[in-house]
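The next block holds one structure in the form of structure tokens; read it before the comments.
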Amino acid sequence: VLVLSRRAGESIVIDGRITVTVAEIRSGEVRLGIDAPRSIPVHRKEVFDAIAAENIAAARGEMPDLKKLSEELGKGGPGKAQSPR
Amino acid sequence: MKIGTTRFGSLDVDESALVTFPAGLVGLGELRRFAVFDGPAGTPFKWLQSAERPELAYVICDPALFARGYRIAVTAEDLSPIAVRQVSDAVVSVILSIPDDWRLMTANMAGPLVFNVPRRLGMQLVLSDAAWSVRHMVFREAR
């Protein structure tokens with residue numbers, strides 16, 4: 001792992017087209033400005049990791065009873081129209 | 001072509017029926033080729049079966065089945081890996097996680113799948129919107 005020291009306002013350039021700038025440092029938190037082509041996805045690692053972990057977990061099921069699940073979803077009862085958490 | 005699967009045995013899938021994920025799935029970037037086929041007749045589910053890893057298969061469905069307020073904000077650039085030109089070509093699905101107790105079924109709303117249906121391309125998005133969870137409870141009563 002390459003470790004660089006940067007002060008607020010300083011940047012690093014990756015591959016000539018991605019610039020990461022330390023925008024602000026305060027009380028244990030660093031704010032980063034990332035200037036990259038829109039075709040390069042940038043994610044918070046914990047979100048990326050959570051989805052990766054779920055991709056592994058969701059493949060563990062064997063042969064669920066999909067007819068039963070379909071009936072339950074269709075009942076219009078508990079399964080309907082969950083709002084965001 | 002034949003693909004080996006642990007759940008369905010050997011599947012004979014037409015090459016043109018495979019879907020390519022140019023970037024794989026999140027955390028599984030090396031898996032590019034999947035077969036998509038319908039679940040049991042009369043159900044809204046589909047299977048997404050890896051053509052490269054026999055044990056890797058997901059039950060997927062339209063999130064509107066249980067979460068009507070679900071919306072994804074994406075730009076054309078976000079969908080550039082699957083070359084979506086018009087919204088009508090894109091179909092969104094979510095991966096379900098189905099434990100033995102079906103009432104505890106969850107859906108990965110933070111990492112939805114988007115398919116370019118005519119081009120048979122797919123990708124998994126990473127939503128930074130914290131409103132939707134990777135383990136969204138599908139059945140409300142099950143908590």
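What you see below is based on every heavy atom in this structure, not just the backbone, and it leaves out hydrogens, waters and symmetry mates. None of these values were measured; they are calculated from a predicted model. Below, chains carry the letters A, B, ... as their sequence lines are ordered, and counting in each starts from 1.
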Glu55(B) portion near chain A, given a 4.5 angstrom heavy-atom threshold: backbone
Between Cys61(B), Ala57(B), Ala23(B), which has the largest tally of heavy atom pairs under 4.5 Å with chain A? Ala57(B)
Answer yes if Phe45(B) and Leu11(B) sit in the same cluster of Ile, Leu, Val, Met, Phe, Trp and Tyr residues linked by side chain heavy atoms under 4.5 Å apart, and no otherwise. yes
Looking at Arg6(A), I want to see if its CZ is surrounded by more than 12 non-hydrogen atoms of other residues, nucleotides or ligands under 6.0 Å. yes
Heavy-atom pair with the smallest gap, counting every atom of Thr43(B) and Leu66(A): CG2-O, 3.8 Å
Select, from Ser50(B), Gly27(B), Ser97(B), Ala41(B), the one with the greatest count of heavy-atom pairs under 4.5 Å involving chain A. Ser97(B)
Go through Met105(B), Glu77(B), Arg7(B) and name the one with the most non-hydrogen pairs under 4.5 angstrom from chain A. Arg7(B)
Please report the C-alpha distance between Leu69(A) and Leu96(B) in whole Å, then the side-chain angles of each, then the deciding distance to 0.1 Å, and finally whether the side-chain contact (heavy atoms from CB on, under 4.5 Å) criterion is met. CA-CA 11 Å; Leu69(A) 275 171; Leu96(B) 299 173; 6.0 Å; no
Can you tell if the side chain of Trp102(B) reaches within under 4.5 Å of the side chain of Pro64(A), non-hydrogen atoms only? no
Give, as side chain, backbone, both or neither, the part of Leu48(B) having an atom under 4.5 angstrom from any heavy atom of chain A. neither
Can you hop from Ile72(B) to Leu121(B) via hydrophobic side chains spaced under 4.5 Å? yes
Closest non-hydrogen atoms of Trp47(B) and Glu62(A), given as atom of the first, atom of the second and distance, are CH2-O, 3.7 Å
Within residues 46-60 of chain A, which positions have a heavy-atom distance to chain B below 4.5 Å? Val47(A), Phe48(A), Ala50(A), Ile51(A), Ala52(A), Glu54(A), Asn55(A), Ile56(A), Ala57(A), Ala58(A), Ala59(A), Arg60(A)
Side-chain heavy atoms under 4.5 angstrom apart, residues restricted to Ile, Leu, Val, Met, Phe, Trp, Tyr: same cluster for Leu79(B) and Val117(B)? no
Portion of Met109(B) that has a non-hydrogen atom of chain A nearer than 4.5 angstrom: neither
Chain A contact via Leu113(B) - side chain, backbone, both or neither, heavy atoms under 4.5 Å: neither
Starting from Trp132(B), can I reach Met123(B) by hopping between I/L/V/M/F/W/Y residues whose side chains sit under 4.5 Å apart? yes
According to a hydrophobic-cluster definition based on side-chain heavy atoms being under 4.5 Å apart (Ile, Leu, Val, Met, Phe, Trp, Tyr only), do Val3(A) and Ile14(A) belong together? no
So for atom CG, which belongs to Asp100(B), do other residues, nucleotides or ligands contribute more than 12 heavy atoms lying within a distance under 6.0 Å? no
Give the member of Asp78(B), Asn108(B), Leu127(B), Ile95(B) that has the highest number of heavy-atom pairs under 4.5 Å with chain A. Asn108(B)
Would His43(A) and Ser128(B) satisfy side-chain contact (heavy atoms from CB on, under 4.5 Å), going step by step from the backbone distance to the final call? CA-CA 7 Å; His43(A) 306 298; Ser128(B) 47; over 6 Å; no
Below 4.5 Å from any heavy atom of chain A, which atoms of Thr6(B) appear? Answer side chain, backbone, both or neither. neither
Heavy-atom distance under 4.5 Å to chain A: side chain of Tyr70(B), backbone, both or neither? neither
Need one label for Leu25(B): side chain, backbone, both or neither, based on atoms under 4.5 Å from any heavy atom in chain A. both
